[in-house]
Amino acid sequence: MSTIFIEGMQFLAYHGCYKEEKIIGNYFEVNVSIDYDTSAIENNDDLENTINYQSVYKVVKTEMEIASKTIEHVGYRILNSIYREFPAVKNVKVKVSKLNPMLLSGGVVDKVSMELQR
């Protein structure tokens, strides 16, 4: 069993509760780790036996393009889509971070994150 880490995927997306977030959007970062059996590719170097990180990126991008009120919902959709697209997956961890989130109080926060694992 091995883990592939796809880190620092960045997207402009329209997730959030506030009207402004739905109009101007915000930047988000997504990190994914996927556990799967790599013994077949370790022995023969055949791309057919691996989980292609470019394909994972496309799955994440597709889900990030669907506006949601919460990053929890976005993370849940990403996690389920990865399981659906890659049957060899044993475990997935998804972390979605909203960068520089809007605070009505005028405060400053670098990011707010949510991590989901199943």
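Within a 6.0 Å sphere centred on OH of Tyr83, heavy atoms belonging to other residues, nucleotides or ligands number more than 12. Lys61 NZ: 12 or fewer foreign heavy atoms inside a 6.0 Å radius. Enclosure of atom CG in Asp110 is not indicated, since only 12 or fewer non-hydrogen atoms of other residues, nucleotides or ligands lie within 6.0 angstrom. The local environment of CG in Asp45 is sparse, with at most 12 non-hydrogen atoms from other residues, nucleotides or ligands closer than 6.0 Å.
Under the 4.5 Å side-chain criterion, counting only non-hydrogen atoms from C-beta, Val92 is not in contact with Arg118. Phe28 has its side chain out of reach of Leu99: every pair of non-hydrogen atoms, C-beta onward, lies at least 4.5 Å apart. Side chains of Val56 and Ile34 form a contact here, defined as non-hydrogen atoms less than 4.5 Å apart. With contacts defined as side-chain heavy-atom distances shorter than 4.5 Å, the pair Glu20/Met102 qualifies. For the pair Lys111/Asn100, no side-chain contact is recorded, criterion being any heavy-atom separation below 4.5 Å from C-beta on.
A distance of 10.5 Å separates CZ of Arg77 from CZ of Arg84, quoted to the nearest 0.5 Å. Between atom OG of residue Ser33 and atom CD1 of residue Ile6 there is a gap of 9.0 Å, rounded to the nearest 0.5 Å. Here NZ of Lys22 is found 6.0 Å from NZ of Lys69. Values are rounded to the nearest 0.5 Å. The structure places CZ of Phe86 at 9.5 Å from OG of Ser81, a figure rounded to the nearest 0.5 Å. Atom CD1 of residue Ile78 and atom CD1 of residue Ile71 lie 10.0 Å apart, to the nearest 0.5 angstrom. The line from OG of Ser97 to OH of Tyr27 is 16.0 Å long, rounded to the nearest 0.5 Å.
Hydrophobic clustering keeps Met9 apart from Tyr14 (ILVMFWY residues linked when any side-chain heavy atoms are closer than 4.5 Å, directly or through intermediates). Connection of Tyr53 to Met64 is established within a shared hydrophobic cluster, with ILVMFWY side chains joined at heavy-atom distances below 4.5 Å, either directly or through further cluster members.
Of the possible polar contacts, none joining the His15 side chain to the Thr70 backbone as a donor-acceptor pair under 3.5 Å is found. Glu63 contributes no side-chain N or O that, together with a main-chain N or O of Val60, makes up a donor-acceptor pair within less than 3.5 Å.
Salt bridge Lys58/Glu85: absent, no basic N to carboxylate O contact under 4.0 Å.
The closest side-chain donor-acceptor pair between Tyr36 and Thr3, if any, does not fall under 3.5 angstrom.
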What verdict does the salt bridge (charged side-chain N to carboxylate O under 4.0 Å, His left out) test give for Lys95 and Glu29, after you've listed the backbone C-alpha separation in whole Å, the side-chain angles of each residue and the deciding distance to 0.1 Å?
CA-CA 8 Å; Lys95 181 177 180 181; Glu29 180 177 281; over 6 Å; no
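You'll find the ring centres of Phe11 and Tyr57 inside the 6.0 Å limit.
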